[in-house]
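All ligand and atom numbering here is 1-based and tracks the order in the structure. The first residue in the sequence is number 1, and the count goes up from there. We use all heavy atoms of the structure for the numbers below, so side chains are in, but hydrogens, waters and symmetry mates are not.
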Amino acid sequence: MGAMHSASNPYSPGAGRRPFELAGRTALINDFDLLISRAAAGRTDRGIVLHGLHGVGKTVLLTEFRRRAEEAGFLVVSLEGRDAEGGPKAVRAKLARGLLQAGRKASSRAKTPALAAALGTIASLPPACR
Ligand SMILES: Nc1ncnc2c1ncn2[C@@H]1O[C@H](COP(=O)(O)OP(=O)(O)OP(=O)(O)O)[C@@H](O)[C@H]1O
Ligand SMILES: [Mg+2]
């Protein structure tokens, strides 16, 4: 039975797999696009927290957010904070490493003065923060 309608089946079973149709997420995607344009204009905004039951679609939506931010020219860093992994200090170090990596990748494509300055700032953080 499994393969019968696999070509037209809109369901993409599996954690984090993008479904054929990202149903019911228009409002959240619009919120995120607004956040992107505010950030691009140099205005800070509150973050967005996605929460919900197992399998409701958090990872898929985060991946869509990532795609939209990258398309808008932002560097995106993914990191997971876990209590067992050293708390805020470890998360800060991971963030700095992620920023450096993403920044280097971006500057290998196009080196802008702003990017070079940002990379310099991150690279000059004390080792304990990296
Ligand atoms: N908006 C959506 N419309 C249709 N299907 C979706 C949607 N979002 C996610 N799915 C489907 O639901 C399943 C679970 O999605 P996802 O892995 O993103 O859930 P999750 O909330 O991150 O789960 P967990 O809490 O286990 O991490 C996947 O098969 C995905 O294709
Ligand atoms: Mg998930």
Side-chain angles (χ1 to χ4, degrees):
M1 199 178 120
M4 246 172 77
H5 301 293
S6 51
S8 59
N9 189 345
Y11 183 53
S12 311
R17 292 200 52 200
R18 198 187 199 290
F20 175 73
E21 170 74 45
L22 205 55
R25 300 294 183 229
T26 313
L28 277 165
I29 287 173
N30 288 344
D31 284 352
F32 189 73
D33 284 345
L34 181 63
L35 192 148
I36 288 179
S37 40
R38 286 179 61 90
R43 285 181 293 159
T44 51
D45 208 337
R46 296 173 60 178
I48 294 179
V49 176
L50 303 177
H51 59 95
L53 293 176
H54 175 51
V56 83
K58 301 176 294 293
T59 297
V60 162
L61 190 56
L62 269 180
T63 307
E64 176 65 17
F65 285 177
R66 172 184 199 121
R67 199 184 62 74
R68 298 178 98 83
E70 283 173 342
E71 214 171 85
F74 282 85
L75 301 184
V76 178
V77 177
S78 309
L79 59 94
E80 252 177 77
R82 295 185 201 199
D83 278 352
E85 283 177 16
K89 209 172 145 188
V91 173
R92 271 202 301 275
K94 267 196 206 172
L95 175 62
R97 270 198 306 272
L99 281 170
L100 261 183
Q101 252 170 31
R104 282 184 183 138
K105 218 168 100 186
S107 69
S108 71
R109 288 192 300 265
K111 201 170 208 123
T112 65
L115 195 53
L119 275 172
T121 307
I122 303 162
S124 69
L125 291 174
C129 299
R130 279 187 265 140

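Heavy-atom proximity to Val56, at under 4.0 Å, picks out these atoms of ligand 1: 19 (O), 21 (O). The contact set between ligand 1 and Glu21, taken as ligand atoms under 4.0 Å from a residue heavy atom, comprises 3 (N), 4 (C). For ligand 1, the atoms lying closer than 4.0 Å to a non-hydrogen atom of Arg25 are 1 (N).
The pair Glu71-Arg68 does not count as a salt bridge, with every side-chain nitrogen at least 4.0 angstrom from each carboxylate oxygen.
For the pair Gly57 and ligand 1, the shortest N or O to N or O distance falls below 3.5 Å. Distances between N or O atoms of Val60 and those of ligand 1 include at least one value under 3.5 Å. The N/O atoms of Gly52, backbone and side chain alike, include none that comes under 3.5 Å of an N/O atom in ligand 1. At least one N or O atom of Thr59, backbone or side chain, sits closer than 3.5 Å to an N or O atom of ligand 1.
In this structure, the protein non-hydrogen atom closest to atom 30 (C) of ligand 1 is Arg17 O, 3.1 Å. Distance from atom 26 (O) of ligand 1 to its nearest protein heavy atom, with residue and atom name: His54 ND1, 2.4 Å. Looking at atom 29 (O) of ligand 1, its nearest protein heavy atom turns out to be Ser12 O, 2.5 Å.
Scanning Ala15, Pro19, Gly16 for the heavy atom closest to atom 7 (C) of ligand 1 points to Pro19. The option from Gly14, Ala23, Gly55 that lies nearest to atom 28 (C) of ligand 1, judged by heavy atoms, is Gly14.
Atom-to-atom distance recorded for Leu95:CG and Leu79:CG is 5.5 Å, nearest 0.5 angstrom. Here CD of Glu64 is found 4.5 Å from CD1 of Ile29. Values are rounded to the nearest 0.5 Å. Atoms CZ and CG, on Phe65 and Asp33 in that order, are 8.5 Å from each other to the nearest 0.5 Å.
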Run the numbers on Thr63 and Arg18 for side-chain hydrogen bond (donor to acceptor under 3.5 Å, both in side chains), then give the verdict.
CA-CA 8 Å; Thr63 307; Arg18 198 187 199 290; over 6 Å; no
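Thr59 is not listed as a side-chain neighbour of Leu50, based on a closest heavy-atom distance of 4.5 Å or more. Put simply, the side chain of Leu99 does not reach to within 4.5 Å of the side chain of Leu119, judged on heavy atoms.
Using a 4.0 Å cutoff on heavy atoms, Gly24 does not count as a contact of ligand 1.
Heavy atoms of other residues, nucleotides or ligands lying less than 6.0 angstrom from CZ of Arg66 number more than 12.
Contacts between Lys58 and ligand 1 below 4.0 angstrom, taking non-hydrogen atoms only, involve backbone and side chain alike.
Judged by distance alone, the side chain of Lys58 and the main-chain N or O of Leu53 form a donor-acceptor pair under 3.5 Å.
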